[in-house]
Amino acid sequence: MTIFKKLLIHLFLISSLVACVSEEETIDLALTFSHWNDEVYSAELIISGPGGYSECITTSEENIILSLCEGNHLFYATFFQRDGRVVGYAETSAYIEDGDSLNMEIKFLTGDGDLMITFNVPSQGSYVVLNIGKRDGEYLLKNLTVRNSEEGFGYDINDIPAGEYVVDSILYDENDNYLSEKSSNIEVTKGNTTTLLVSFTSFDEESLVLSFENVYGPPIEARIVVNGEGPGKLTLTLDYIRIPLGVMEDDIDVYWYLDGTLAGTGNTITPEKGGRYDVVLGSETKGTYGSSTFYIEKKN
């Protein structure tokens, strides 16, 4: 049995966080959101810092002053248009000292950007069939064959509309035999080049670590713990490593699908056969959602 890992997670998170203010002496931090323009109406800033400090701030200003304790902090900002639609995001971490200032560059989800894909394959005779589409089913390109060349094994596409894309890569050997498939969820942002490495060479992992990325909120980190030796004897367990503030593990419902059909619920599943397994997370109370895919293949 071989497990093919796919990183395809998006979580949507809008929640009110309770600020935990340290009793230590605070210092003022001048924070600037660079490239703020007429598209941006407001920003939601999530901050976490020393001593369990956390706070969520909503602002309509490009420059703000924060009172923080000295130490390491994480900053994640989501930017909204007047009608509430998300127009961009920014994230950074920094050690804050007295007199510091901080700049957070907005990555816009409008406009055009570039995408650079590189493939890492087990054999130079292999080739990849590439599909790039959106979650609504619209394709940017479909069934494009990519082979190794003097320029390298990859594919670049320029000036595509910013936004979220799903990149499906299907690997075949030199005799046109199907080997494996991976899907990746990526974000193209205005004026930037998004790079994606699709590697088909690291298999048979006992524990798959996932980052449940989302431009709308902080990431969830989890791992899939794999026990057993093949379908019918294999157990997959979703084990959370990091959950954002305001979200409880009990709030998250987990659904497992085999080729689009519900195969089980809860944090653990025992696959009965090989195929494409989708893990879907949902939470009505916190407004979260996300998915990940694994390809499980029996050995001949």
Side-chain angles (χ1 to χ4, degrees), residues 1-10 113-158 160-161 163-188 193-205 208-213 224 226 230-231 234 236 255-263 269 271-280 290-300:
M1 186 280 304
T2 303
I3 306 263
F4 302 100
K5 175 185 174 184
K6 169 200 169 188
L7 180 60
L8 175 57
I9 291 293
H10 264 244
D114 302 330
L115 175 61
M116 180 183 297
I117 305 172
T118 303
F119 299 105
N120 187 5
V121 300
S123 170
Q124 291 302 308
S126 304
Y127 66 93
V128 173
V129 174
L130 180 64
N131 298 287
I132 302 177
K134 293 189 174 182
R135 294 179 65 88
D136 60 8
E138 179 184 352
Y139 279 91
L140 190 65
L141 61 85
K142 193 171 184 179
N143 296 329
L144 175 70
T145 298
V146 181
R147 301 180 185 272
N148 195 14
S149 67
E150 294 181 356
E151 290 76 27
F153 205 149
Y155 185 78
D156 300 342
I157 182 169
N158 299 320
I160 63 176
E164 175 187 340
Y165 292 89
V166 178
V167 179
D168 287 318
S169 307
I170 309 171
L171 181 66
Y172 294 88
D173 65 16
E174 58 272 18
N175 297 316
D176 300 327
N177 296 310
Y178 170 88
L179 295 178
S180 68
E181 181 177 353
K182 288 192 174 184
S183 295
S184 304
N185 193 77
I186 55 97
E187 287 289 343
V188 175
T193 298
T194 299
T195 59
L196 173 65
L197 172 63
V198 181
S199 178
F200 292 99
T201 60
S202 300
F203 304 138
D204 298 317
E205 298 175 79
L208 308 180
V209 179
L210 305 178
S211 179
F212 291 48
E213 297 288 351
I224 299 294
V226 182
L234 179 71
L236 302 178
Y255 304 89
W256 305 75
Y257 293 85
L258 169 59
D259 297 327
T261 301
L262 185 64
I269 186 176
E272 295 296 329
K273 58 182 180 179
R276 172 177 172 150
Y277 283 85
D278 295 295
V279 187
V280 177
S291 63
S292 182
T293 301
F294 297 89
Y295 294 89
I296 301 176
E297 183 179 346
K298 288 184 178 180
K299 289 184 177 179
N300 295 328

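Only this structure's heavy atoms are used, side chains among them; waters, hydrogens and symmetry mates stay out. We number each residue from 1, following the sequence as shown.
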Check whether any side-chain N or O of Asn175 sits under 3.5 Å from a backbone N or O of Asn177 as a donor-acceptor pair, and report yes or no. no
Which atom pair, heavy atoms only, marks the closest approach of Leu171 to Ser126? CD1-CB, 3.7 Å
Looking at side-chain heavy atoms only, is the closest gap between Tyr172 and Thr145 below 4.5 Å? no
Main-chain N/O of Asn143 paired to Asn131 side chain as donor or acceptor, under 3.5 Å: yes
Within-4.5 Å side-chain heavy-atom neighbours: Tyr155 and Val128: no
Between Asp114 and Ile157, is any pair of side-chain heavy atoms under 4.5 Å apart? no
Just jot down the side-chain hydrogen bond (donor to acceptor under 3.5 Å, both in side chains) partners of Asp156, sequence neighbours excluded, or say none. none
Does Tyr127 have any side-chain hydrogen bond (donor to acceptor under 3.5 Å, both in side chains) partners at least two apart in sequence or in another chain, and if so, which? Asp176
Taking the side chain as C-beta and beyond, is there a heavy-atom pair between Thr195 and Thr118 under 4.5 Å? no
Non-hydrogen side-chain atoms of Ile160 and Ile132 separated by less than 4.5 Å: no
Any side-chain heavy atom of Leu196 within less than 4.5 Å of one from Val198? yes
Is the shortest heavy-atom distance from the side chain of Leu140 to the side chain of Tyr165 under 4.5 Å? yes
Smallest heavy-atom separation, Ser169 atom then Leu130 atom, equals OG-CD1, 3.8 Å
In terms of heavy-atom contacts, Thr193 and Met116 come closest through CG2-CB, 4.2 Å
